[in-house]
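Beneath this line is the structure, given in structure tokens, with notes to follow.
Numbering of ligands and ligand atoms starts at 1, following listing order. Each residue takes its place number in the sequence, starting with 1. In this text, all values refer to a predicted model and were calculated from it rather than measured experimentally.
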Amino acid sequence: MTVLRLILADQLSESITSLQGINKKRDTIMLCEVMEEASCVPHHPKKIAFLFSAMRHFAAELESSGLRVRYVKLNDSKNTGSFTGELKRAVQELKPSNVVVTEPGEYRLLEMMKAWQKTFDIPVEILPDKRFLATHAEFAAWVKDKKQLRMEFFYREMRRKYGLLIEPGDKPTGGEWNYDKENRKPPKSGMTVPLRMSHQKSIITNEVLTLVKERFSHHFGTLEPFQYAVTRKQALMELEHFATHLLPNFGDYQDAMVAGEPYLYHSLISSYLNAGLLLPLEICQQAEVAYRTGKAPLNAVEGFIRQVLGWREYIRGIYWHLMPEYGERNSLDATRPLPEFYWGAPTHMFCMAESVRHTRDHAYSHHIQRLMVTGNFALLTGLDVKAVQTWYLAVYSDAYEWVEMPNTLGMALFGDGGVVASKPYAASGKYIHRMSNYCEKCKYDPDEMTGEKACPFNALYWDFLVRNEDKFRGNQRMPYVFSTWDKFTPEKKRAIRTQAALSLQKMAEGTL
Ligand code: FAD
Ligand code: DLZ
Ligand code: SF4
């Protein structure tokens with residue numbers, strides 16, 4: 001009897017556990033494009049096209065190595081539209097002895113998989129996802145004796161575990177564990193960045209683009225031009241391109257934002273990594289080689305490795321450690337409706353319009369745009385945490401719940417009560433002004449607090465802090481914030497709060 005091995009769209013790695021021990025003659029691998037997943041949130045058309053094309057290419061590679069693949073396309077006439085429906089159909093037709101699957105990246109799907117054994121009355125084996133660098137058990141053991149969770153200490157253990165940037169005696173390369181203080185340079189004027197790769201579209205990709213155009217053009221986001229890598233070979237070329245041309249400056253300009261430059265020196269690997277076309281350890285090792293061979297400086301390489309080995313694994317650990325309760329948190333009671341400009345309606349705030357434009361056109365924006373522009377605005381205005389999470393999950397081609405949720409709810413919105421971030425990433429227009437050239441192009445003035453021309457972020461920043469004073473006044477990491485507020489005259493305080501109320505009103509009316 002055949003063993004049915006199910007592979008999800010974010011499990012496109014030959015080394016995935018569900019393929020281990022496969023019997024070429026006996027077993028069947030199944031991949032399916034299902035409407036339930038493609039429309040549970042309005043995924044960006046580029047994200048859907050990327051995933052479907054990568055799935056189809058992966059299936060073709062498996063077939064050409066002699067494996068038997070059952071591939072269900074979205075528009076196959078018998079497609080039932082859900083994983084459970086497709087599994088039912090396959091079980092009826094193939095009568096497998098058992099089903100093998102690697103654990104998914106979303107709690108909802110894990111629950112669904114756990115129910116399959118009962119539904120189909122055959123064994124369903126859910127294997128660990130060994131592509132990640134920390135296991136659930138390791139993370140739980142690390143959390144156990146900690147009063148407060150901090151990524152930095154988890155990251156140091158991961159550096160030691162994998163010997164990345166580690167010298168004899170378990171010492172960090174260069175003497176420091178973290179070079180973040182060197183990685184906050186504002187953009188240089190007239191700065192130009194190397195061109196990015198663009199991949200030729202295959203017949204498979206063109207077919208997928210036609211399908212996505214037909215079925216998902218009502219979703220927010222531009223489908224074409226489509227230049228994503230869709231195979232492991234192409235994704236490895238992206239990694240090589242980054243390591244050679246961009247990594248040397250990655251550290252310095254990691255937090256910078258420049259109008260018309262969506263990517264700067266960022267790697268653009270998250271979509272490939274999260275879908276399985278690249279593996280985290282090979283990425284970190286390639287970055288270390290760039291340092292050891294003198295091709296990139298330590299601040300860049302350490303900063304990059306920290307993102308992949310530290311933040312990415314830490315975020316995943318938090319998700320699985322605290323779900324499902326984590327997903328229900330809303331510690332700042334944020335419930336305001338998401339304004340239409342998140343979906344492309346006009347706004348006078350250049351920073352918001354530009355970040356949303358990059359998102360619409362590329363299904364991408366870099367970390368500081370996500371955190372300090374769209375995330376910061378949502379935090380300051382108290383936007384509904386579920387609506388904001390839906391937005392982030394839908395619009396980015398690298399978004400899956402395990403990574404999107406702790407970043408959005410925890411890091412950007414402080415909605416988890418301070419698990420991911422020890423203080424809110426709240427900032428006024430001054431931060432955006434310092435780290436970008438956006439304000440030069442804006443109708444608003446980052447130096448004004450009140451009045452027609454005042455940057456909305458300024459008054460909204462204080463309004464946010466005062467609204468949540470009971471939660472933040474005692475925060476040790478915000479020592480001067482409230483003492484500054486306390487020094488303002490009653491008139492100034494009133495004017496700031498009136499200005500914030502006006503901005504919130506304009507936001508609701510669609511005129512901000
Ligand atoms: P680079 O800046 O080049 O960084 C290198 C790699 O480090 C990334 O590819 C990614 O794999 C990893 N990384 C960096 N920061 C993080 C982080 N905070 N969490 C996890 N991995 C990290 N990342 C996702 O992969 N999927 C998401 O859905 C996602 N949602 C986010 C939502 C918000 C509100 C915020 C603030 C961040 C989110 N991130 C998410 C993290 C980060 O913004 C992206 O990983 C990054 O922008 C991807 O672009 P890049 O590959 O060019 O990254
Ligand atoms: C995100 C996504 C989309 C849009 N479509 C599919 C699909 O048709 N088939 C599939 O196997 N997976 C899809 N996915 C990814 C799953 O939703 C993903 O496995 C979960 O989000 C867990 O990370
Ligand atoms: Fe954004 Fe304010 Fe700068 Fe305009 S002035 S770009 S709203 S920070």
(request) Would you mind finding which of Arg312, His266, Arg370 brings a heavy atom closest to atom 46 (C) of ligand 1? (result) Arg370
(request) May I ask you to identify, for Ile315, whether its side chain, its backbone, both or neither come under 4.0 Å of ligand 1 on a heavy-atom basis? (result) side chain
(request) Would you mind checking which non-hydrogen protein atom is closest to atom 15 (N) of ligand 1, with the distance to 0.1 Å? (result) Gln307 OE1, 3.4 Å
(message) What I want to know is whether Met411 and ligand 1 share at least one N or O pair that is separated by under 3.5 angstrom.
(response) no
(request) Would you mind finding which of Ala9, Ser39, Ala394 brings a heavy atom closest to atom 14 (N) of ligand 2? (result) Ala9
(request) Ignoring angles and geometry beyond distance, decide whether Phe52 reaches within less than 3.5 Å of ligand 2 through its nitrogen or oxygen atoms. (result) no
(request) Using a strict cut-off of 4.0 Å, indicate which atoms of ligand 1 neighbour a heavy atom of Phe250. (result) 1 (P), 2 (O), 3 (O)
(request) Assess the pair Tyr272 and Phe50: is the distance between their ring centroids shorter than 6.0 Å? (result) yes
(request) Identify, for atom 27 (C) of ligand 1, the protein heavy atom at the shortest distance, and state residue, atom and that distance. (result) Asp398 OD1, 3.4 Å
(message) Starting from atom 18 (N) of ligand 1, what is the nearest protein heavy atom, named by residue and atom, and what distance separates them?
(response) Asn407 OD1, 2.8 Å
(message) Starting from atom 5 (S) of ligand 3, what is the nearest protein heavy atom, named by residue and atom, and what distance separates them?
(response) Tyr444 O, 3.5 Å
(message) Please report whether ligand 2 has a polar contact with Tyr400, defined as an N or O pair separated by less than 3.5 Å (distance criterion only).
(response) no
(request) Run down the list Glu37, Glu103, Lys47 and name the one with the heavy atom closest to atom 6 (C) of ligand 2. (result) Glu37
(request) Identify whether the distance between the nearest side-chain nitrogen and carboxylate oxygen of Asp361 and Arg357 falls below 4.0 Å. (result) no
(request) For Tyr396 and ligand 1, answer yes if some heavy atom of the residue is under 4.0 Å from a ligand atom, otherwise no. (result) no
(request) Look at the rings of Trp320 and Tyr107 and say which category their plane angle falls in: under 30° parallel, 30 to 60° tilted, over 60° perpendicular. (result) tilted
(message) I need the nearest protein heavy-atom contact for atom 43 (O) of ligand 1: residue, atom name and distance, please.
(response) His367 ND1, 2.9 Å
(request) Could you go through the side chain to side chain donor-acceptor pair (under 3.5 Å) check for His433 and Glu440 one step at a time? (result) CA-CA 8 Å; His433 186 36; Glu440 293 162 22; over 6 Å; no
(message) With salt bridge (charged side-chain N to carboxylate O under 4.0 Å, His left out) as the test, pick out the partner of Arg316 among Glu103, Glu106, Glu404.
(response) Glu103
(message) List ligand 1 atoms under 4.0 Å from Asn274, heavy atoms only on the residue side.
(response) 24 (C), 25 (O), 26 (N)
(request) Starting from atom 4 (Fe) of ligand 3, find the nearest protein heavy-atom neighbour and note its residue, name and distance. (result) Cys442 SG, 2.3 Å
(message) Check for me whether Tyr364 has a heavy atom closer than 4.0 Å to any atom of ligand 1.
(response) yes
(request) Would you please indicate if the ring centroids of Tyr263 and Tyr364 are separated by under 6.0 Å? (result) yes
(message) Using a plain distance cutoff, I'd like to know if Glu106 has any nitrogen or oxygen under 3.5 Å from a nitrogen or oxygen of ligand 2.
(response) yes
(request) Would you mind running through ligand 1 and noting each atom that sits below 4.0 Å from a heavy atom of Val403? (result) 20 (C), 23 (N), 24 (C), 25 (O), 26 (N), 27 (C), 28 (O)
(message) Please work out, at 4.0 Å between heavy atoms, whether the side chain, the backbone, both, or neither of Tyr263 comes within that distance of ligand 1.
(response) neither
(request) May I ask you to check whether Trp402 has an N/O atom sitting below 3.5 Å from an N/O atom of ligand 2? (result) no
(message) Ring centres under 6.0 Å, that's the criterion: do Phe226 and Tyr228 meet it?
(response) yes
(request) With heavy atoms of Leu371 as the reference, note each atom of ligand 1 found under 4.0 Å away. (result) 36 (C)
(request) Tell me whether the centres of the aromatic rings in Phe154 and Phe139 are closer together than 6.0 Å. (result) yes
(request) Using a strict 4.0 Å cut-off to heavy atoms of Glu33, name the atoms of ligand 2 that fall inside it. (result) 8 (O)
(request) List every atom of ligand 1 that sits less than 4.0 Å from any heavy atom of Leu273, numbering the atoms from 1 in the order shown and giving each element. (result) 11 (O)
(message) I need the nearest protein heavy-atom contact for atom 8 (O) of ligand 2: residue, atom name and distance, please.
(response) Val34 N, 2.8 Å
(request) Pick one of side chain, backbone, both or neither for how Thr374 approaches ligand 1, counting any non-hydrogen atom pair under 4.0 Å. (result) neither
(request) Flag the pair Glu207 and Lys73 as a salt bridge only when some basic side-chain nitrogen lies within less than 4.0 angstrom of an acidic carboxylate oxygen. (result) yes
(request) Assess Cys455: does it contribute an N, O or S atom lying under 2.8 Å from atom 3 (Fe) of ligand 3? (result) no
(message) Under 4.0 Å, heavy-atom basis, I'd like to know which part of Phe242 is in contact with ligand 1: side chain, backbone, both or neither.
(response) neither
(request) Identify the protein heavy atom lying closest to atom 5 (C) of ligand 1, giving its residue, its atom name and the separation to 0.1 Å. (result) Phe304 CE1, 3.5 Å
(message) Can you confirm, on distance only, whether ligand 2 has an N/O atom lying under 3.5 Å from any N/O atom belonging to Leu109?
(response) no
(message) Would Ser355 and Ser365 count as a side chain to side chain donor-acceptor pair (under 3.5 Å) here? Give the steps.
(response) CA-CA 7 Å; Ser355 301; Ser365 73; 6.0 Å; no
(message) Is the positively charged end of Lys47 above the ring of Tyr400, judged by distance under 6.0 angstrom from the centroid and angle within 45° of the axis?
(response) yes
(request) Considering heavy atoms of the protein only, find what lies nearest to atom 16 (C) of ligand 1 and give residue, atom and distance to 0.1 Å. (result) Trp311 CB, 4.0 Å
(request) Please report which non-hydrogen protein atom sits nearest to atom 19 (O) of ligand 2, along with the residue it belongs to and the distance in Å to one decimal place. (result) Asp10 OD1, 2.8 Å
(request) Using distance alone, determine whether Cys32 and ligand 2 share an N or O pair under 3.5 Å. (result) yes
(request) Please write down residue, atom name and distance for the protein heavy atom closest to atom 3 (Fe) of ligand 3. (result) Cys439 SG, 2.4 Å
(message) Please list, in number order, the atoms of ligand 1 under 4.0 Å from a heavy atom of Thr408.
(response) 32 (C), 34 (C)
(request) Among all protein heavy atoms, pick the one closest to atom 48 (C) of ligand 1 and tell me residue, atom and distance. (result) Ser270 OG, 3.2 Å
(message) Tell me if the aromatic rings of Phe377 and Phe341 count as close, with their centers under 6.0 Å from one another.
(response) yes
(request) With heavy atoms only and a cut-off of under 4.0 Å, state how Gln254 meets ligand 1: side chain, backbone, both or neither. (result) neither
(message) Return the closest protein heavy atom for atom 1 (Fe) of ligand 3 as residue, atom name and distance.
(response) Cys351 SG, 2.4 Å
(message) Is it the case that the side chains of Asn183 and Asp255 hold a donor-acceptor pair, with the cut-off being a distance below 3.5 Å and no angle test?
(response) no
(message) Could you check whether Tyr319 and Tyr326 have their ring centres less than 6.0 Å apart?
(response) no
(request) Measure across Tyr342 and Trp391 and return the closest heavy-atom pair with its distance rounded to 0.1 Å. (result) O-NE1, 2.8 Å
(request) Provide, to 0.1 Å, the distance between atom 6 (C) of ligand 1 and the closest protein heavy atom, together with that atom's residue and name. (result) Val308 CG2, 3.7 Å
(request) Establish, from distance only, whether the side-chain atoms of His358 and Glu354 form a donor-acceptor pair under 3.5 Å. (result) yes
(request) Please determine if Asp398 and Arg370 form a salt bridge, counting it only when a charged side-chain N lies under 4.0 Å from a carboxylate O. (result) yes
